[in-house]
There are 2 protein chains.
Amino acid sequence: MLTKIARACYDVNMDENNITEQPRRRSDGEQTHQTILDRAVKLASIEGVNQITLGRLAQATGVSKSGVYAHFKSKERLQMEIIEAAGEIYEREVIEPGLQAPEGLPRLIKLYESFLSYVEREIFPGGCFFAGLISEFDAQSGPVHEAVIAGHREWEGLVVSLIQDAQQRGEIDSGVEPAFLVFQLDAVKDHANFLYTLYRDPAWIERGRQAISRIVTQVSAT
Amino acid sequence: MLTKIARACYDVNMDENNITEQPRRRSDGEQTHQTILDRAVKLASIEGVNQITLGRLAQATGVSKSGVYAHFKSKERLQMEIIEAAGEIYEREVIEPGLQAPEGLPRLIKLYESFLSYVEREIFPGGCFFAGLISEFDAQSGPVHEAVIAGHREWEGLVVSLIQDAQQRGEIDSGVEPAFLVFQLDAVKDHANFLYTLYRDPAWIERGRQAISRIVTQVSAT
DNA sequence: ATGAAGATAGCACGATCGTACTATCTCCAG
DNA sequence: CTGGAGATAGTACGATCGTGCTATCTTCAT
């Protein structure tokens with residue numbers, strides 16, 4: 001799902017390349033590719049996608065600079081793949097666990113709990129990758145900006161649908177405007193990520209949990 | 001006040017230079033200095049402090065590269081001055097207007113309204129400068145990181161004192177934990193800034209106002 | 001008014017950036 | 001087992017980075 005943030009980004013520059021004939025990969029190459037990407041994603045979450053450099057990435061992985069370059073035929077492609085790889089991790093660590101809870105309000109709650117847990121476990125060493133990515137590109141036009149917006153809309157759409165689900169089940173007051181509730185919940189989750197990343201103190205995650213459950217209590221149907 | 005974010009940052013590297021004998025500035029130099037700094041602050045709010053380059057700054061202001069460099073004797077100094085200049089703007093546009101309201105709850109409310117207004121009026125073209133700065137340096141150790149933490153602590157301290165003030169006046173329920181209330185309010189203000197910067201839609205500021213006043217209503221003494 | 005000092009431009013430096021081209025190695029399908 | 005193709009290193013390119021040094025204006029205190 002959130003991988004679309006990268007796919008959309010990718011498509012922008014790869015429009016008329018419909019053929020998409022992949023040159024088949026060799027196993028050792030695939031291995032190295034993933035190693036580089038892993039390191040790149042971690043680095044990018046700390047320093048930002050724009051700070052990632054072919055040279056430093058080569059030095060960090062022990063691969064030669066041209067070796068790194070050969071895997072991603074341009075820096076733009078590298079950035080895309082970093083974002084895509086991060087999207088897959090987000091999918092696996094936040095979305096999927098969230099959707100495993102029973103439908104309705106529990107699923108909504110679990111989704112936000114999954115996010116807080118994912119921050120607390122420091123899946124990315126620099127805090128939530130996408131929080132950083134959006135902050136980095138929110139004011140810069142270009143394919144990444146567009147992709148970031150698409151990704152955010154997708155998340156918002158997901159949460160809204162969960163809220164409507166819970167409303168139809170009578171678990172959330174039907175007078176609540178879903179978009180406003182998303183705003184409140186996202187504000188808390190992002191702020192908890194923000195403060196945890198800054199101070200590395202789990203107390204901030206705990207505050208996030210408190211604030212989330214307080215909001216949920218307020219909108220719960222009587 | 002928030003200027004300390006830069007001053008602290010500055011002090012880290014300028015410790016034993018107590019003499020601080022300033023070479024007196026010439027008027028034309030002062031003028032150019034400010035022009036460059038203005039442009040730099042705006043650019044930095046969009047692209048990030050780390051993306052600011054002597055060369056591009058020279059090109060953007062029409063001053064020669066070495067001319068720019070002469071004003072800030074290193075790139076680190078330039079970054080410090082950018083942060084300091086942004087701090088003065090924040091002080092003028094958010095803190096001062098906020099503190100002009102009558103003491104107690106009205107002052108607290110006005111402070112957050114000042115922030116939302118400052119975002120809405122796009123004082124910085126890339127959204128709240130410090131929201132971006134913190135996100136950029138939250139996971140990177142160094143003088144800027146330390147300064148960012150100092151600045152955040154200062155803001156939090158200010159808000160906590162306003163809350164305690166309002167509690168002593170009986171305007172806010174005394175059972176409310178000030179630190180938790182700050183968390184809730186800051187979550188909303190930062191999220192409103194975040195979404196406004198991404199979408200440039202004033203509706204997000206309006207949502208922020210709604211969310212703030214809802215929180216205030218909840219904690220108001222009966 | 002004059003001279004010391006700040007303001008500014010020009011140029012050069014080593015480092016690193018992204019990108020290309022070439023050569024060698026190593027895997028794996030036939 | 002072999003040959004074609006992917007994986008990887010080496011090297012070089014022009015551009016730009018931050019930083020110095022030098023020379024020529026302007027300004028302003030005396």
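Keep in mind that what you see is a predicted model, and the values were worked out from it rather than measured. In what follows, every chain begins at residue 1, and chains take the letters A, B, ... in the order their sequences are listed.
Sorted pairs that involve residues 35-66 of chain A and meet ring pair (Phe, Tyr, Trp, His ring centres under 6.0 Å), not counting sequence neighbours, are lacking altogether. Judged as a salt bridge (charged side-chain N to carboxylate O under 4.0 Å, His left out), the pairs with a partner in residues 42-59 of chain A (not counting sequence neighbours) are, in order, A:Glu47-A:Arg56.
Considering only residues two or more places apart in sequence or on other chains, B:Glu96 meets the salt bridge (Lys or Arg N to Asp or Glu O under 4.0 Å) condition with none of them. Scored by the ring pair (Phe, Tyr, Trp, His ring centres under 6.0 Å) test, B:His71 finds B:His33 as partners (sequence neighbours excluded). Evaluation of the salt bridge (Lys or Arg N to Asp or Glu O under 4.0 Å) rule for A:Arg39 yields no partner, not counting sequence neighbours. Scored by the salt bridge (Lys or Arg N to Asp or Glu O under 4.0 Å) test, B:Arg26 finds B:Asp28 as partners (sequence neighbours excluded). By the salt bridge (Lys or Arg N to Asp or Glu O under 4.0 Å) test, A:Glu156 is found to be paired with no residue, residues two or more places apart in sequence or in another chain being considered. A search for ring pair (Phe, Tyr, Trp, His ring centres under 6.0 Å) contacts involving B:Phe137 returns nothing, not counting sequence neighbours.
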Could you list all N or O pairs between the protein and nucleotides 20-22 of chain D that sit under 3.5 Å apart?
| residue | atom | partner | partner atom | Å |
| --- | --- | --- | --- | --- |
| D:dG20 | OP2 | B:Tyr69 | OH | 3.2 |

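The aromatic ring centres of A:His152 and A:Phe130 sit 6.0 Å or more apart. Between A:Tyr90 and A:Phe124, the distance separating the two ring centers is not shorter than 6.0 angstrom. Taking the six-membered ring for Trp and the full ring otherwise, A:Phe115 and A:Tyr112 have centroids separated by 6.0 Å or more.
A cation-pi geometry, defined here as NZ or CZ lying under 6.0 Å from the six-membered ring centre and within 45° of its normal, does not hold between A:Lys189 and A:Trp204.
Salt bridge annotation for B:Glu120-B:Arg200: absent, with no cationic side-chain nitrogen under 4.0 angstrom from a carboxylate oxygen.
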Letter by letter from the 5' end, nucleotides 23-30 of chain D scores (B base, S sugar-phosphate only, - none; protein heavy atoms under 4.0 Å) ---BSS--
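Checked by distance alone, B:Lys65 brings a side-chain donor or acceptor within 3.5 Å of a matching partner on the base of D:dG18.
Comparing the end axes of the helix from C:dA1-D:dT30 to C:dG30-D:dC1, each fitted to five base pairs by superposing C1' atoms of four pairs onto the next four, gives an inter-axis angle of 20° (nearest 10 degrees).
For DNA chain D, the neighbouring residues in residues 30-62 of chain B, judged by any heavy atom under 4.0 Å, are B:Ile52, B:Thr53, B:Leu54, B:Gly55, B:Arg56.
The side chain of A:His71 places no N or O atom within less than 4.0 Å of a non-bridging phosphate oxygen (OP1 or OP2) of D:dA7.
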